[in-house]
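Please read all numbers here as calculations on a predicted model, not as lab measurements.
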Amino acid sequence: MQSALKLKKELEFNTELKQVLDVLKGTAASQFRQIESRKERFAAFTHAFEAFFQMIDFNSLDHPFARAQGRLGIVIMTSDEGFMGGLNTKVINRALAFPKAAQASLIVVGERGAAFLKGLGHGCTLFPGISHEENDEGCWRLRDYIVQQALKGMFSRLVLFYPKPVSFTQQRVESLTMLPCTEMFEKRERLFPAEDLILDSSVDKIVEYLFGAWVLQRLLEVFEDSKLSELSARVVHLEGSNQVLQQRERALKNQYFRSHHELVDRGMRDIFSSQLIRQRKQG
């Protein structure tokens with residue numbers, strides 16, 4: 001059995017580590033609530049954005065963004081933060097299981113996800129990982145790349161895979177079809193007769209602008225969902241680690257008290273023995 005002094009030091013270290021994990025868990029939970037409280041703005045944007053598609057009939061439009069034929073592109077959202085290996089793996093595996101993923105152009109957000117794919121023998125186009133402070137800039141760069149590649153015909157089908165928070169403690173992998181953008185071209189009730197509209201630009205240009213705005217909005221929403229999933233996964237992982245430390249703390253306390261009692265008993269026996277020897281010598 002370890003000495004009481006060594007067990008005491010291990011017990012103190014275990015307590016300090018548990019306190020650090022509690023701080024990290026509290027920080028992640030606070031960030032989760034802060035981001036979650038801002039998500040209502042996406043619903044307001046979608047409601048206003050759909051009004052554009054009540055003015056012009058896009059259903060009969062022959063545009064690359066509306067065709068379902070051609071090469072497949074897959075966007076995979078991963079995280080570079082700690083405690084995220086399991087969730088990253090789930091997202092990547094789900095993306096690679098998509099039909100014809102082996103021949104698809106892979107676009108990965110996050111260096112750890114790209115490294116994982118490289119280890120599996122898959123090439124990809126890499127974009128920086130999710131950062132709450134720079135979400136807007138990251139979404140703009142990814143949006144511009146998607147629009148440019150789609151207009152060049154590099155892919156006409158695009159599916160995005162990302163982690164979505166079901167609750168504070170649970171996440172699931174979701175997919176979002178971005179091309180063809182059928183969500184944009186769904187039939188809606190017309191607000192105005194076609195002859196009452198004056199178009200300064202061609203319908204194709206209008207579609208490209210609206211598609212860019214729609215992609216940007218969806219990417220912002222996906223980035224925040226991914227960040228929320230990252231934070232909730234971190235809280236779950238830290239809570240599991242905290243429980244392990246609590247169990248270890250109980251075991252260390254039992255070992256320490258047992259070792260301490262044995263040390264006290266040994267000391268008392270030594271004192272009693274020395275007193276007995278002294279008495280015999282004096283007698």
Side-chain angles (χ1 to χ4, degrees), residues 64-130 135 138-139 141-143 145-150 152-186 211 214-237 240:
F65 293 166
R67 301 181 193 132
Q69 300 176 351
R71 190 175 183 185
L72 172 68
I74 294 179
V75 182
I76 306 174
M77 301 291 297
T78 65
S79 173
D80 290 334
E81 298 293 332
F83 314 119
M84 294 298 297
L87 189 57
N88 283 345
T89 300
K90 289 180 181 178
V91 177
I92 292 172
N93 288 340
R94 174 74 181 279
L96 294 180
F98 191 75
K100 299 184 179 181
Q103 294 80 38
S105 298
L106 300 181
I107 305 166
V108 180
V109 178
E111 292 183 2
R112 293 191 179 186
F116 185 85
L117 281 171
K118 184 178 180 180
L120 296 176
H122 295 279
C124 65
T125 300
L126 171 64
F127 281 82
I130 303 166
N135 263 3
C139 288
R141 288 197 297 265
L142 182 54
R143 189 285 303 270
Y145 179 81
I146 288 174
V147 173
Q148 291 169 7
Q149 295 299 102
K152 291 178 181 178
M154 300 305 295
F155 47 73
S156 59
R157 293 182 298 143
L158 185 67
V159 183
L160 185 150
F161 290 87
Y162 67 102
K164 184 178 180 65
V166 179
S167 65
F168 184 63
T169 59
Q170 186 180 6
Q171 313 86 33
R172 69 166 178 256
V173 179
E174 290 282 354
S175 63
L176 171 65
T177 299
M178 308 190 79
L179 284 173
C181 47
T182 53
E183 183 176 329
M184 286 177 54
F185 297 109
E186 291 175 351
F211 175 74
W214 178 79
V215 168
L216 181 62
Q217 184 268 339
R218 297 313 301 264
L219 286 176
L220 286 168
E221 189 172 0
V222 165
F223 266 58
E224 288 206 358
D225 278 340
S226 299
K227 188 65 178 180
L228 287 172
S229 297
E230 172 190 303
L231 292 170
S232 63
R234 187 183 306 167
V235 169
V236 171
H237 184 92

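Atom-to-atom distance recorded for F211:CZ and L216:CG is 11.5 Å, nearest 0.5 angstrom. Interatomic distance, CD of Q217 versus CG of L220, reported as 7.5 Å (0.5 Å rounding). Between the NZ atom in K227 and the OG atom in S229 there is a gap of 11.0 Å [rounded to 0.5 Å]. In this structure, CG on N88 lies 8.0 Å from CZ on R112, to the nearest 0.5 angstrom. Atom NZ of K100 and atom CD1 of I74 lie 12.0 Å apart (nearest 0.5 Å).
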Give the intermediate values and the outcome of side chain to side chain contact (heavy atoms under 4.5 Å, CB included) for residues M77 and L160. CA-CA 8 Å; M77 301 291 297; L160 185 150; 4.0 Å; yes
What's the verdict on side chain to side chain contact (heavy atoms under 4.5 Å, CB included) for L126 and E111, showing C-alpha distance, side-chain angles and the deciding distance? CA-CA 7 Å; L126 171 64; E111 292 183 2; 4.0 Å; yes
Could you please spell out the steps behind the side chain to side chain contact (heavy atoms under 4.5 Å, CB included) verdict for L72 and F98? CA-CA 10 Å; L72 172 68; F98 191 75; 3.8 Å; yes
Using the rule given for side chain to side chain contact (heavy atoms under 4.5 Å, CB included), can you reason through F127 versus V75, listing the C-alpha separation, both sets of side-chain angles and the distance that settles it, and then say yes or no? CA-CA 10 Å; F127 281 82; V75 182; over 6 Å; no
For salt bridge (charged side-chain N to carboxylate O under 4.0 Å, His left out), just list the numbers for E221 and R218, CA-CA rounded to whole Å, side-chain angles, deciding distance to a tenth of an Å, and then say yes or no. CA-CA 5 Å; E221 189 172 0; R218 297 313 301 264; 3.8 Å; yes
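Here the shortest heavy-atom pairing between R143 and V215 reads CG-CG1, 3.7 Å. In plain terms, the two heavy atoms of P165 and L228 that are nearest each other are CG-CB, 3.7 Å. Of all the heavy atoms in D80 and G110, the pair that sits closest is OD1-C, 3.5 Å. Here the shortest heavy-atom pairing between V108 and A114 reads CG1-N, 3.6 Å.
You'll find the side chain of R141 reaches within 4.5 Å of the side chain of P128, heavy atoms only. A 4.5 Å side-chain heavy-atom check between L142 and F223 finds at least one atom pair inside the cut-off. Within the 4.5 Å cutoff, side-chain heavy atoms of F155 are placed close to those of I107.
Looking at D225, its side chain never comes within 3.5 Å of a backbone N or O of K164 through a donor-acceptor pair. The backbone N or O of V109 lies less than 3.5 Å from a partner atom in the side chain of T78, making a donor-acceptor pair.
Residues that satisfy the side chain to side chain contact (heavy atoms under 4.5 Å, CB included) test with R94, not counting sequence neighbours, are F161, V173, S175. Under the rule for a side chain to side chain donor-acceptor pair (under 3.5 Å), the partners of E174 that lie at least two apart in sequence or sit in another chain are R172. When the side chain to side chain contact (heavy atoms under 4.5 Å, CB included) test is applied to L96, the partners found at least two apart in sequence or on another chain are I92, L106, L117, L120, H122.
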